[in-house]
Amino acid sequence: MTRHFTTIEQLSQHDLKRIYKHATSPFNDETLKGQGVALVFERPSLRTRASSSSAVHELGGYVTFFSDEEIGLDSRESAEDIGRTLSEMYSMCAMRVRNHMVFSRIRAATRERMSLVNLLSDVAHPTQAVADVLTIAEHFSDGDVSKLAGLKVAYVGDATNVTRSLAVALLRLGVNVTVGAPQGYQLVAGGEEDPARVSGGGTLVVSDSPGDAVRDADVVYTDAWVSMGFEAETEQRRRDLTPFRLDRALLERAKPGAMVLHCLPAHRGDEITDDVLDSAQSLVWRQVYHRRSAMLGVLRWIKEGTND
Ligand code: CP
Ligand code: NVA
């Protein structure tokens, strides 16, 4: 069966466990020996492209990069025809897309012949969430993701694609999640990767007060105020989100010694200040490190379950 990794929500507990295990266990295999992975990016990237490329290479494979400028997804030709074409030459395609629906369209068009990996869409950033979980576990539970239950993670700012995948992943591990965002920027219920649908794990609380959101938090997380595609709203977003800036004063309202995460790129002085991002409480560079671990986990999990 062809495996896909497009949201955290779609994965069983068993799948997730395997991904976390594959991400961190030592290995000496050539899972992707001689195989190509197509990387399609409709939006810019540094960490995701770097971690995907290096993980594929480490597993013995190679990547081919396609920018939207070159292939024109749904402009030069349809997403379906792009999928059909790539599936003649690649068994795996990792994509950063504007519209999450592209994944189901390509799955249908290729009759599930090619595994898809979501490298960020409008609603989810699941490889980032795997890296975030690995980072939090490394700090709080000696790397054991099954021992995170009861921790409190507060997210402040615009509730983005990153927030959705992060919250789903943490709630599934029994972590309590609070999302502090102003009206109009809070989590939207429904659609794919919906944290409100996770049951039986941690608790999800939403708040329009940044101070309330971070109270007693072990971890405080933030992301850009202006996600890719929202550039026209930059000034309005700055005005609306300023009270949610992660600065020293806000961090001091969390638990003493609370750790800070940010998926990057950071907009220093907007959603986060230098003295927080560059402080000893910041885990952002471990997050970056774990982007590669996360990709290794996802790729190995896909190959483990996919018949060639
Ligand atoms: N965090 C993240 O996905 O970074 P890039 O957009 O640079 O890939
Ligand atoms: N929410 C951000 C994440 C960037 C990694 C965006 O979509 O632009």
Side-chain angles (χ1 to χ4, degrees), residues 5-8 23 37 39-56 63 65-68 94-103 117-136 155-169 179-182 184-188 191-193 195 221-234 236-238 240-241 244-246 260-268 270-272 277 282-299:
F5 179 86
T6 54
T7 58
I8 300 291
V37 175
L39 295 185
V40 174
F41 279 77
E42 271 199 285
R43 295 209 184 274
S45 165
L46 172 60
R47 280 144 291 270
T48 308
R49 182 172 171 184
S51 55
S52 310
S53 306
S54 59
V56 170
V63 294
F65 178 79
F66 303 94
S67 70
D68 191 45
M95 308 183 76
R96 172 166 281 198
V97 296
R98 292 192 172 90
N99 186 339
H100 193 85
M101 290 300 288
V102 162
F103 293 113
V117 178
N118 179 2
L119 298 180
L120 182 145
S121 69
D122 50 339
V123 296
H125 195 1
T127 59
Q128 178 71 54
V130 172
D132 298 339
V133 166
L134 296 173
T135 306
I136 294 171
Y155 179 94
V156 284
D158 181 26
T160 59
N161 40 11
V162 168
T163 323
R164 293 172 74 88
S165 291
L166 173 78
V168 172
V179 178
Y185 297 88
Q186 193 42 274
L187 289 171
V188 176
E192 299 209 32
E193 200 78 308
Y221 197 124
T222 192
D223 178 15
W225 287 345
V226 184
S227 282
M228 292 179 274
F230 291 89
E231 291 79 2
E233 299 174 13
T234 298
Q236 183 65 47
R237 285 175 166 262
R238 276 214 177 103
D240 295 342
L241 286 153
F244 291 77
R245 172 175 296 134
L246 182 50
V260 171
L261 273 76
H262 187 310
C263 56
L264 304 180
H267 308 84
R268 291 167 177 266
D270 276 352
E271 76 273 3
I272 193 163
L277 188 66
S282 169
L283 290 175
V284 297
W285 303 113
R286 291 311 290 168
Q287 280 179 276
V288 171
Y289 170 85
H290 282 301
R291 292 299 307 276
R292 187 167 136 280
S293 328
M295 271 313 286
L296 287 168
V298 169
L299 294 167

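Both ligands and their constituent atoms are indexed starting at 1 by order of listing.
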Using distance alone, decide if ligand 2 has a nitrogen or oxygen within less than 3.5 Å of any nitrogen or oxygen in S227. yes
Side chain N161, main chain H125, donor-acceptor under 3.5 Å: no
Exactly one of D240, T163, D158 should register a side-chain hydrogen bond (donor to acceptor under 3.5 Å, both in side chains) with Y185. Which one does? D240
Quick one: does D223 get an N or O within less than 3.5 Å of an N or O on ligand 2? yes
L264 touching ligand 2 at heavy-atom level, < 4.0 angstrom: yes
Heavy-atom distance under 4.5 Å between the side chains of L246 and L277, does that happen here? no
Taking 4.0 angstrom as the limit and counting only heavy atoms of H125, give me the atoms of ligand 1 inside it, by number and element. 2 (C), 3 (O)
Near T160, which atoms of ligand 2 are under 4.0 Å from a heavy atom of that residue? 1 (N)
Is it the case that ligand 1 has an N or O less than 3.5 angstrom from some N or O of P265? no
Checking the N or O distance criterion of under 3.5 Å, is ligand 2 in contact with M228? yes
Judged by atom type as modelled, is there a donor-acceptor pair below 3.5 Å linking the side chain of Q186 to the main-chain atoms of V179? yes
Nearest non-hydrogen protein atom to atom 7 (O) of ligand 2, with distance, is N161 ND2, 2.9 Å
Please confirm whether L264 comes within less than 3.5 Å of ligand 1 when only nitrogen or oxygen atoms on both sides are compared. yes
